[in-house]
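All values below were derived from every heavy atom in this structure, side-chain atoms included, with hydrogens, water molecules and symmetry-related copies excluded.
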Amino acid sequence: MAIAVFIFGSMFFAIIMCPLALASNSIVRPTDEVRRMYESWMVEHGKSYGSKEKETRFQIFQSNVQFVDDHNRPENGHSYTVGLNRFADLTNKEYRKIYLSKKPFEDLHGNASTRYSVNEGDVNIPASIDWRSKGAVTSVKEQGKCGCCWAFTAVGAVEGINQIVTGKLVTLSAQELVDCDTGGFNHGCLGGNMYKAFEFIKNNGGIDTDADYPYKTTQNTCDLNKKNTKIVTIDGYESLRPNDENALKNAVVHQPITVGIESYRREFQLYSNGIYQGPCSYNLDHGALVVGYGEADGVKYWILKNTWGTDWGEKGYMRIQRDSGNFYGKCGMTRVMSYPVKNAANLKMIDEDSLRIKIINDGGESRSLDE
């Protein structure tokens, strides 16, 4: 028996010990293979660098490849995968500096409402909902290197409630918020707060469309003519009481809801698909729009619409754990929750043909209001 173990020992231990080795030791891809992967990735994402910068970016990419391979090993049993998305040649520090809010999200609950509070034993809340399938969500946007997630998230919520009330899905101007809502809590590309964005829209008497006041990826001087083109209006705005995931669920049944979220972790940066149950706390640095919820394989989740384009996550969306047991929900998403209130149709009826003529007369490109 001892001889048999000696003769076949290498094969025996290769079979039994290999999983243990993988658990503590990474499998490293050959550098040539990673270089080929990087060249393909650069073509896919339209990247081009000088030779020195390209080598620096490759070293970062190689590190992220290793992180992805280690995370996605089947034996780890994660409910989500990470991948070589558009952020794969950025360090985590660079990702945080470029794409996350420079200003901390404020806990603004000035008029926290009980509108969507849930009573004990309430069974009228559906098991799942997805506002995308109901036509209340516009396409995923790309904020670029401007930290204006708050603006896109706010207009996304207004787009949603406007469609629910009027039946018309209109893409609204995040650029108007970036350029014009610059006093107090909101700071253009440096960050802002969705609740205060709703306040601006309400006080301004409405907001323009993206077709008329398109996004530029930078903060510019407020265009007062565009600011005064008030196509979509709201009647008010409210917040949900923090740490009330049941109220958030009930609210999402009625309309998309904005939330703050902690998103600086490397797992979030490179998220690819599945239900995110990765590490995070509640130090909010990003805004997202909750457009639905559901359950898969016994895991409950929220559906978040992000602002990093369709080549991040699940075509620009993330499923993130619901009912996680964390005090502020997963990644702090029940800490700051707000939404616009709309009870009636817009004061101005939207006439797509006349608006198209207006855009042409202003020297712009003729575009449809709809997605």
Side-chain angles (χ1 to χ4, degrees), residues 131-132 134-143 146 148-183 186 188 192 194-217 219-238 254-258 287 289 291 305 307 338-371:
W131 283 108
R132 295 173 297 182
K134 296 177 179 293
V137 183
T138 62
S139 64
V140 171
K141 306 304 187 297
E142 164 55 68
Q143 71 181 62
C146 172
C148 62
C149 58
W150 61 276
F152 277 113
T153 301
V155 297
V158 176
E159 291 163 352
I161 193 61
N162 183 67
Q163 191 280 335
I164 292 165
V165 172
T166 70
K168 185 72 173 180
L169 184 64
V170 182
T171 303
L172 300 175
S173 177
Q175 190 68 43
E176 180 177 335
L177 294 177
V178 172
D179 290 350
C180 305
D181 182 16
T182 55
N186 292 339
M194 290 78 74
Y195 182 88
K196 301 302 280 187
F198 299 143
E199 181 179 274
F200 170 86
I201 295 170
K202 173 66 169 61
N203 292 343
N204 189 55
I207 189 169
D208 200 2
T209 66
D210 179 72
D212 192 39
Y213 199 163
Y215 184 58
K216 301 295 186 182
T217 72
Q219 182 176 350
N220 304 301
T221 301
C222 179
D223 187 323
L224 295 180
N225 289 328
K226 309 289 189 184
K227 179 175 177 283
N228 289 323
T229 306
K230 305 163 186 179
I231 299 298
V232 171
T233 62
I234 59 175
D235 298 309
Y237 50 96
E238 297 172 345
H254 294 85
Q255 63 185 104
I257 304 293
T258 73
L289 187 66
V291 298
K305 181 186 181 184
T307 57
S338 60
Y339 54 92
V341 175
K342 187 179 182 71
N343 302 313
N346 301 303
L347 296 177
K348 295 181 179 179
M349 295 299 293
I350 298 173
D351 183 336
E352 184 171 339
D353 290 332
S354 64
L355 183 58
R356 183 181 293 113
I357 292 170
K358 178 184 183 300
I359 295 170
I360 293 173
N361 288 341
D362 286 346
E365 177 186 357
S366 174
R367 280 177 291 180
S368 173
L369 287 171
D370 296 322
E371 287 299 303

Supply the atom-to-atom distance C180 SG to N186 CG, rounded to the nearest 0.5 angstrom. 12.0 Å
Any sub-3.5 Å donor-acceptor pair from D179's side-chain atoms to Q219's backbone N or O? no
Can you measure from CD (E142) to OG1 (T307) and round to the nearest 0.5 angstrom? 7.5 Å
K305 side chain to S139 side chain, donor-acceptor N/O pair below 3.5 angstrom: no
I207 side chain reached by V155 side chain, heavy atoms, under 4.5 Å: yes
Nearest atoms (heavy-atom pairs only) where K227 meets C222: CD-SG, 3.6 Å
If every non-hydrogen atom of T166 is compared with every non-hydrogen atom of K342, which pair is closest and at what distance? CG2-CE, 4.0 Å
Residues T209 and V170: closest non-hydrogen pair is CG2-CG1, 3.7 Å
Where the side chain of Q163 meets the backbone of V158, is there a donor-acceptor pair that is under 3.5 Å apart? no
Are Y339 and F198 an aromatic pair by the rule of ring centers under 6.0 Å? no
How close do Y215 and C146 get, heavy atom to heavy atom, and via which atoms? OH-CB, 3.3 Å
Decide whether K168 and N162 meet the rule of one side-chain donor and one side-chain acceptor closer than 3.5 Å. no
Does any N or O in the side chain of Q175 come within less than 3.5 Å of the main-chain N or O of K216, such that one atom is a donor and the other an acceptor? yes
Just by distance, do the side chain of T182 and the backbone of V178 share a donor-acceptor pair under 3.5 Å? no
Which atom pair, heavy atoms only, marks the closest approach of A151 to A174? CB-O, 3.8 Å
Side-chain heavy-atom pair E176, D181 within 4.5 angstrom cut-off: no
The residue among I201, N343, V165 that forms side chain to side chain contact (heavy atoms under 4.5 Å, CB included) with I234 is I201
Between Y213 and D223 (side chain of the first, backbone of the second, donor and acceptor by atom type, cut-off under 3.5 Å), is there such a pair? yes
With a 6.0 Å cut-off on ring centres, are Y195 and Y237 close enough? yes
Would the distance check show the side chain of E159 and the main-chain N or O of L172 forming a donor-acceptor pair, the cut-off being under 3.5 Å? yes
Keeping the roles fixed (side chain from W131, backbone from I164), state whether a donor-acceptor pair exists under 3.5 Å. no
Working to the nearest 0.5 angstrom, can you tell me the gap between T233 OG1 and N204 CG? 11.0 Å
Hey, are K196 and E199 close enough for a salt bridge, meaning a charged N less than 4.0 Å from a carboxylate O? yes
Sidechain-backbone polar pair: T258 side chain, S338 backbone, donor-acceptor under 3.5 Å: yes
Check: Q255 and P340 side chains under 4.5 Å, non-hydrogen atoms: yes
Correct closest heavy-atom pair for L289 and G156 would be CD2-C, 3.7 Å
Is the shortest distance from a Lys or Arg side-chain nitrogen in D208 or K230 to a carboxylate oxygen in the other one below 4.0 Å? no
